[in-house]
2 protein chains.
Amino acid sequence: MVAQRGRRNGSAPAPRRAPEAETAGAAEVASTASAGAHSARAIPEAAVARLAVYLRVLSAMAEQGATTVSSEELSTAAGVNSAKLRKDLSYIGSYGTRGVGYEVQVLVGQLERILGLTRQHKVAVVGIGNLGHALANYGGFPGRGFPVEALFDIDPDLIGVPVGGVPVSHLDDIPTVCAERGISIGVIATPPTAAQSVCDRLVAGGVQSILNFAPVVLQVPEHVEVRKVDLAVELQILSFHVARRAADEAGSAGTTADGTKDVVVS
Amino acid sequence: MVAQRGRRNGSAPAPRRAPEAETAGAAEVASTASAGAHSARAIPEAAVARLAVYLRVLSAMAEQGATTVSSEELSTAAGVNSAKLRKDLSYIGSYGTRGVGYEVQVLVGQLERILGLTRQHKVAVVGIGNLGHALANYGGFPGRGFPVEALFDIDPDLIGVPVGGVPVSHLDDIPTVCAERGISIGVIATPPTAAQSVCDRLVAGGVQSILNFAPVVLQVPEHVEVRKVDLAVELQILSFHVARRAADEAGSAGTTADGTKDVVVS
DNA sequence: TGGTGTGAAACTCTTCACAGCG
DNA sequence: CGCTGTGAAGAGTTTCACACCA
């Protein structure tokens with residue numbers, strides 16, 4: 001029997017509202033709120049990610065003085081095909097001119113609106129190790145709109161030290177500091193063992209969105225959104241593709257140039 | 001040369017007409033029966049990512065002395081539901097025992113095999129700024145299997161300086177050094193402007209897989225696999241969800257300022 | 001008995017292809 | 001005429017539910 005790891009350490013009594021029917025019911029990470037009668041998720045999750053890319057490309061184009069773009073141009077620059085781009089844009093409305101294309105400024109404005117970039121989202125970074133340091137130093141983070149306003153670590157030597165202009169606070173102060181400063185996005189860059197506890201404190205501090213760099217599956221109340229960036233998984237996916245390719249080639253050629261034995265399955 | 005698989009239905013011989021330069025995204029993963037060996041119907045891209053997660057969870061369980069797991073336990077720990085887990089595992093074969101579960105060691109072994117972790121994948125990190133530094137210092141990267149064996153930057157002050165035990169080389173030497181050391185995975189942590197050029201050199205050095213942290217769409221030959229990690233996009237997706245939630249709440253409270261066309265709604 | 005493995009249904013996302021408008 | 005916007009077809013994923021067997 002596998003020892004179950006401790007789960008959420010209790011504090012806030014999770015205001016659950018959709019009891020799982022399944023045994024153990026792993027939270028369905030469904031992108032949207034459950035079964036709401038209304039609250040439609042108009043825009044597909046996958047499309048949202050691309051909208052952010054379009055915005056970046058458009059901003060670059062605007063800087064170069066472009067005033068209009070066709071779906072063809074924009075899609076090429078964004079690395080997708082034009083049908084997908086038009087479909088994606090159609091989710092946010094009709095801002096193009098048939099026979100012409102899109103006005104860059106208009107589209108930029110609409111994308112910013114949809115992505116919620118018309119207001120600032122204050123960011124807290126937890127875990128000021130190598131990665132946390134790097135993140136904190138982005139100072140202002142990707143573009144404006146995401147100012148880093150709080151840093152946390154557990155190392156006494158770091159407490160009080162300013163990194164990228166913001167002094168480091170102790171993990172224990174996460175709830176109060178986050179609440180005080182109105183942090184809305186928490187970034188977890190701690191070792192995996194600390195991640196869940198840090199996450200709980202962020203939630204206690206009123207943080208609604210979490211970007212998790214720690215290789216753990218976080219348990220959160222359903223009103224909190226979590227995105228995961230997992231380096232190990234990314235590398236392993238790449239590894240998988242290398243292996244698959246090697247397998248394919250071995251199948252057809254059967255020779256290894258490098259002297260390394262190819263391990264790939266029979 | 002890997003045959004392009006057409007997966008259109010047999011009755012619509014639509015001729016491909018646009019030479020769309022796609023990213024090496026999730027385009028083709030098929031490549032199935034070609035090599036005719038034994039194994040599998042291709043594993044869905046989405047499942048591969050999860051297999052890596054299962055592997056991590058299983059490794060942790062193994063360390064704690066677990067010898068068997070049920071799909072229920074494992075799926076809970078991995079944050080998915082058990083049906084999905086079983087389906088995912090079924091892609092790699094039948095290694096479970098009905099009425100009992102899976103043997104942890106067996107599953108770990110099979111997952112490592114499928115993910116190509118039975119051999120090492122040497123990694124090069126390009127761009128030794130804050131992020132690159134952090135990556136280089138992971139030293140050995142996530143677990144073993146991904147040793148960092150080359151570092152590159154353009155800053156003369158950095159050349160020759162060892163970071164995490166590996167001396168930094170110049171960008172110009174990327175092709176030769178990568179070829180010499182047999183690098184198979186390149187990690188791009190440079191400013192966006194340098195990314196494409198770095199990418200080209202990595203490819204010239206024989207690198208087959210690239211993990212790109214720079215916010216640009218890379219152009220690569222089709223035999224090269226690219227994965228993107230985009231901080232700005234992640235934050236903007238979180239921002240979108242915060243905005244949507246805010247909109248929903250405002251909407252239900254009847255307070256929406258209807259100045260702008262509002263998204264959403266069923 | 002209890003849990004795996006899997007066909008088939010349900011759902012989501014992508015691509016096609018063309019109507020319609022500037 | 002050229003390009004957007006979109007219904008519909010297609011491909012990919014997830015979920016269901018149950019046969020099957022250690």
Side-chain angles (χ1 to χ4, degrees), chain A residues 1-2 20-32 34-35 40-51 68-76 79-103 106-107 110, chain B residues 5-18 20 22-23 25-30 32 40-51 68-76 78-103 106-107 110:
Chain A
M1 177 119 336
V2 180
E20 327 103 330
E22 296 252 321
T23 3
E28 348 245 85
V29 192
S31 17
T32 318
S34 43
R41 47 146 337 39
I43 306 177
E45 187 68 13
V48 175
R50 288 189 300 267
L51 291 179
T68 61
V69 248
S70 66
S71 63
E72 201 59 61
E73 293 172 295
L74 181 50
S75 67
T76 304
V80 303
N81 66 40
S82 63
K84 192 188 285 184
L85 176 122
R86 288 200 302 279
K87 181 65 100 181
D88 287 346
L89 291 185
S90 79
Y91 293 125
I92 70 173
S94 294
Y95 301 105
T97 306
R98 293 172 189 236
V100 180
Y102 304 87
E103 230 181 290
V106 172
L107 216 42
Q110 292 304 321
Chain B
R5 348 201 93 272
R7 51 187 90 133
R8 47 188 88 285
N9 74 9
S11 57
R16 255 248 187 281
R17 78 135 197 246
E20 47 197 288
E22 295 268 343
T23 22
E28 55 256 57
V29 184
T32 2
R41 39 258 187 168
I43 303 176
E45 188 67 13
V48 175
R50 288 189 299 266
L51 291 179
T68 60
V69 245
S70 67
S71 63
E72 201 60 60
E73 293 171 297
L74 181 49
S75 66
T76 303
V80 303
N81 67 38
S82 63
K84 193 187 285 184
L85 176 122
R86 289 200 302 278
K87 180 65 101 180
D88 286 345
L89 291 185
S90 80
Y91 292 126
I92 71 173
S94 294
Y95 301 107
T97 307
R98 293 171 190 236
V100 180
Y102 303 89
E103 231 182 287
V106 172
L107 215 42
Q110 291 306 321

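Lettering of chains follows the sequences in order, A, B, ..., and the numbering in each one begins at 1. Since the structure is predicted, the reported quantities are computational estimates derived from the model, not experimental observations.
Residues Gly96(B) and Ala47(A) each lie close to DNA chain C; by heavy-atom proximity, the contact nearer the 5' end of the strand is made by Gly96(B). The 5' end of DNA chain D is approached more closely, in terms of each residue's nearest nucleotide, by Val100(A) than by the other of Val100(A) and Lys87(A).
The nearest whole Å value for the distance from the CG atom in Leu85(B) to the P atom in dG5(C) is 10 Å. Across the protein-nucleic acid pair, Arg50(B) atom CZ and dT14(D) atom C1' stand 8 Å apart, rounded to whole Å. Residue Glu45(A) contributes atom CD, which lies 8 Å from atom P of dC13(C) at whole-angstrom precision. Atoms CD1 (Ile43(A)) and P (dT14(C)) sit 13 Å apart, rounded to a whole Å. Here the C1' atom of nucleotide dT15(C) and the NZ atom of Lys84(A) are 9 Å apart, to the nearest Å. Atom CG of Asp88(B) is separated from atom P of dT13(D) by 11 Å (rounded to the nearest Å). What separates CG of Leu51(B) from P of dT14(D) is a distance of 11 Å, to the nearest Å. Atom pair Arg86(B):CZ and dG3(C):P shows a separation of 10 Å (rounding to whole Å applied).
When each of dG5(D), dT4(C), dT14(D) is scored by its nearest atom to the side-chain atoms of Ser71(B), the top-ranked nucleotide is dT4(C). Between dA8(C), dG3(C), dC21(C), one nucleotide has an atom nearer to the side chain of Arg98(A) than all others, and that is dC21(C). For Thr97(A), whose side chain is taken as the heavy atoms from C-beta onward, the closest listed nucleotide among dT13(D), dT6(C), dG22(C) is dG22(C). Closest to the Asn81(A) side chain, of the nucleotides dT15(C), dG22(C), dC13(C), is dT15(C). The side chain of Tyr102(B) sits closest to dG5(C) out of dG5(D), dG5(C), dT15(C). Of the listed nucleotides (dG22(C), dT13(D), dC16(D)), dC16(D) has the atom at the smallest distance from the side chain of Ala83(B).
Side-chain contact between Tyr102(B) and Glu73(B): absent, with no pair of heavy atoms (C-beta onward) separated by less than 4.5 Å. Side chains of Val80(A) and Asp88(A) form no contact here, defined as non-hydrogen atoms less than 4.5 Å apart. Considering only heavy atoms from C-beta on, Leu89(A) comes within 4.5 Å of Leu107(A) through its side chain.
Rounded to the nearest 0.5 Å, atoms CG (Leu74(A)) and CG (Leu85(A)) are 4.5 Å apart. Expressed to the nearest 0.5 Å, how far OG of Ser71(A) lies from NZ of Lys87(A) amounts to 13.5 Å.
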